[in-house]
Amino acid sequence: MSNSLLINPSAFEAGLEAAFRARTSVTETHGAAYERFASQHLPNRRREGWKWSDYNAALRSVSPASAPDAVETIAPSAFAPLDPIEIQIVNGRVILPTDAAPKGVRFGIMDAVGTIPELETHAIASMNVAMSPKAFGLEIKNGVLFNRPVLIRHIGNGAAPIFSQTMIRVGEKAFATIIETYEGATPALASHLCHLVIRDGGSLNRFIMNETDDNTVNHSICAAKIEERAHFRQTSLSTGARLSRHETVLHFWGEGAKAQIDSAALLRSDRHADFTTHVLHKAPGCETRQLHKGVADEKGRAVFQGKFEVQRAAQKTDAKMTANALLLSNGAEANHKPELEIYADDVECAHGSTCGALDADALFYLRQRGLNEHQARALLIEAFAGEVIDVIENDEIREVYTAKVSQWLEARA
Amino acid sequence: MLKIDNLHVAVGAEDNKSEIIKGLSLEVPAGEVHAIMGPNGSGKSTLSYTAAGRDGYEATRGSITLEGADILDMDPDERAAKGLFLSFQHPMEIPGVQTMHFIRTAMNSQRKARGEDEVSAADFIKLIREKAKLVGLDDAKLKRPFNVGFSGGEKKRMEMLQMAMFEPTFSIMDETDSGLDIDALKMVGDVVNALRGPGRGFLVITHYQRLLEYIKPDRVHVLAGGRIVKSGGANLAAELEKSGYDQFVEAA
């Protein structure tokens, strides 16, 4: 590698560069994106915003394979009973459902996303743009209220880095429900990039479930453009991975739009989950609600970084952020960084952050009523995470999430 | 039924414990209701927490037995399954915990520990509706997270609801009357009197005599300075109301 763009690349980065060079049909966009990645390297803990999620350290000595392992069988999704339109993105390759798209909905495989301005300076997003072969595209046309959920399963397997992209457009006054799951085992990084646009008066419910294995290193980033009076609602649940981060970058482009971004992490062994969000209020009268609940047991680590930015034009912004962590053992850790950056003077913005153990008084109360220690603790943990889960309006989706929480609790030692 | 013998309890940090209960002995035979009265700081709540098994309220000496079984070595839930119920002076609000789900889980855990069958969902609903009516809590309250946003009086009604549901062998009622109006006091009396019977016992802890107008005690004990300083019949409560506790504070 005589003319490497990377200075002192790690084994992993060198492998990535080889993979990039082996790509056929590299466009200028790809080349520029790769250069942006190479000039920054994989983020490490000294980089602003990456202190608690060091991708360089996690991947440095991983030598990426050139091709992922084959995925032989794919078990049915826990969301299958909802009869969703199911799209599988297996090791970066999009597998569309066999039936045609319903009226008012368009989906298919499309050319990969070019550079997204909001993510231009993001190293992993740049790498994704440079490496992704194709993208999955979904459009809900203007005025279409599409009630059937669209399930996008990101499934990975093996020692090669995996890249995938989705583009979602919800038309004017349209409605859609998207469920995205992250599954499998990808120790050498699975990177997902999502670009979504909600047009005027449109509404999107997005659900995320991360259930990858212990050795997985994954990263997902979603850049959302929210237009006038549009609604965006996102609920994420993660049981973590060796290193896992879900980033959401929301830009309010039009007046009177609303977003609710909720997330919960349930972590044990030495699993890690990072929820990082940046909400940029560019237009007046928008409303943001954010609630994060992190539960860390054993040596789990729950990271939350939330930033609300309010530009001068975004008067009457109403934004509230709450992050609570529950630590169940001495080795567990929670790291919170709530940030408000406000340039408008007539706004209501607030954030709150707490971190603590289970309430001893509540535990005693429950045990006095006959619950054993395990039951009492489980009930309180369930209640803690329930503030995110119980408010899911769709009964069937809520049940899948509730079951996931119960499953996690039952596995508690 | 409940026998407390020479009980000593110290509370506080490990290196700075102070003895609150200092050689308390008391016996409530099956079928009886006893009242404990006493001034603030006399150890009434310490006694109830020790009996229920709260962390930090360990007996340093003496014993508490329920129907002959030593309960001090039992976990709080084992004591509950044995039939010990504590009506809390300050019931908790527990956000996110669904009231019906919790009470049913508690009931079934107790039954399971006693080797009894679990109560079916249908029977449970029927029972809780009936008892909720008795204690004056409407359905909407049962659908709320446990005690969240409840007034002090409503929280006490929730305590009485659970007591009526569990039908405990022995109930300790820690200042259940505090903050209650006359109608609510009457309700507490109704719940206790409905449960009262040969196989059950009650220890009613109170400052004032007015609850005892609705729950006629068989015996009244005065707790002061960590031990029982006087015992008598139901009329002792009325005497105390007149003369106050000062005499016993001196005596202790």
Side-chain angles (χ1 to χ4, degrees), chain A residues 235 237 262-266 291-295 322-326 328 352 354 356-392 395 398-399 401-406 408-410 412, chain B residues 48-57 71 74-99 101-114 116 118 143 145-148 155 158-159 161-163 165-166 168 171-172 174:
Chain A
T235 305
L237 176 65
D262 295 342
S263 49
L266 300 173
L291 177 62
H292 172 76
K293 295 270 175 178
V295 180
T322 306
N324 307 126
L326 179 59
L328 300 174
T354 65
L358 285 174
D359 181 349
D361 290 342
L363 271 176
F364 173 63
Y365 187 93
L366 298 177
R367 296 196 66 193
Q368 205 300 305
R369 295 304 185 244
L371 273 64
N372 64 35
E373 187 170 5
H374 184 82
Q375 286 177 309
R377 290 172 73 91
L379 191 67
L380 292 179
I381 298 165
E382 201 175 14
F384 179 83
E387 287 186 58
V388 165
I389 309 300
D390 296 345
V391 294
I392 297 174
D395 293 341
R398 188 180 59 248
E399 276 166 28
Y401 275 80
T402 303
K404 185 78 189 166
V405 174
S406 304
W408 188 85
L409 287 169
E410 276 161 26
R412 279 194 88 219
Chain B
S48 63
Y49 285 148
T50 306
R54 188 180 188 131
D55 270 351
Y57 291 81
I71 60 168
M74 294 182 184
D75 282 338
D77 46 299
E78 291 172 325
R79 302 183 198 199
K82 179 96 182 87
L84 183 75
F85 180 86
L86 171 63
S87 173
F88 283 65
Q89 186 183 354
H90 302 291
M92 303 285 307
E93 285 190 21
I94 312 180
V97 168
Q98 295 308 309
T99 303
H101 172 62
F102 157 55
I103 296 178
R104 189 167 165 224
T105 305
M107 208 164 163
N108 282 334
S109 301
Q110 290 188 23
R111 294 173 77 110
K112 204 176 151 199
R114 291 194 291 260
E116 297 166 12
E118 295 196 350
K143 286 178 180 139
F146 190 75
N147 277 346
V148 173
K155 286 177 185 168
M158 187 58 81
E159 295 296 283
L161 171 66
Q162 294 169 78
M163 195 167 94
M165 293 288 291
F166 300 157
S171 302
I172 298 174
D174 189 0

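Chain naming here is simple, since letters A, B, ... match the order of the sequence lines and numbering starts at 1 in each.
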Exercise. With a 4.5 Å heavy-atom cut-off, do B/M92 and A/D359 have their side chains touching?
Worked result: yes
Exercise. In terms of ring plane angle, is the pair A/F364 and B/Y49 parallel, tilted or perpendicular, where the classes change at 30° and 60°?
Worked result: perpendicular
For this session: Identify which part of B/I94 has an atom lying under 4.5 Å from any heavy atom of chain A, answering side chain, backbone, both or neither.
Result: side chain
Seminar exercise, completed: Residues A/A383 and B/P95: closest non-hydrogen pair is CB-O, 3.5 Å
Exercise. Hey, are the side chains of B/D75 and A/N372 touching, using non-hydrogen atoms and a 4.5 Å cut-off?
Worked result: no
Exercise. Which bit of B/R79 comes within less than 4.5 Å of chain A, counting heavy atoms only: side chain, backbone, both or neither?
Worked result: neither
Exercise. When rounded to the nearest 0.5 angstrom, what is the spacing between CG in A/L371 and CE in B/M107?
Worked result: 13.5 Å
Exercise. Quick one: CD1 on B/I172 to CD on A/Q368, what's the gap to the nearest 0.5 Å?
Worked result: 8.0 Å
Exercise. Chain A heavy atoms under 4.5 Å from B/A52: which part of the residue, side chain, backbone, both or neither?
Worked result: both
For this session: Go through B/G96, B/G53, B/P76 and name the one with the most non-hydrogen pairs under 4.5 angstrom from chain A.
Result: B/P76
Seminar exercise, completed: Looking only at A/L366, A/L363, A/L380, the option with the highest number of non-hydrogen pairs under 4.5 Å against chain B is A/L366
Exercise. Will you find, in the side chains of B/S109 and A/Q375, an N or O donor that is under 3.5 Å from an N or O acceptor?
Worked result: yes
Exercise. Could you give the distance from CZ (A/R369) to CD (B/E159), rounded to the nearest 0.5 Å?
Worked result: 4.5 Å
Problem set entry | Side chain, backbone, both or neither of B/F85 within contact of chain A (heavy atoms, under 4.5 Å) | both
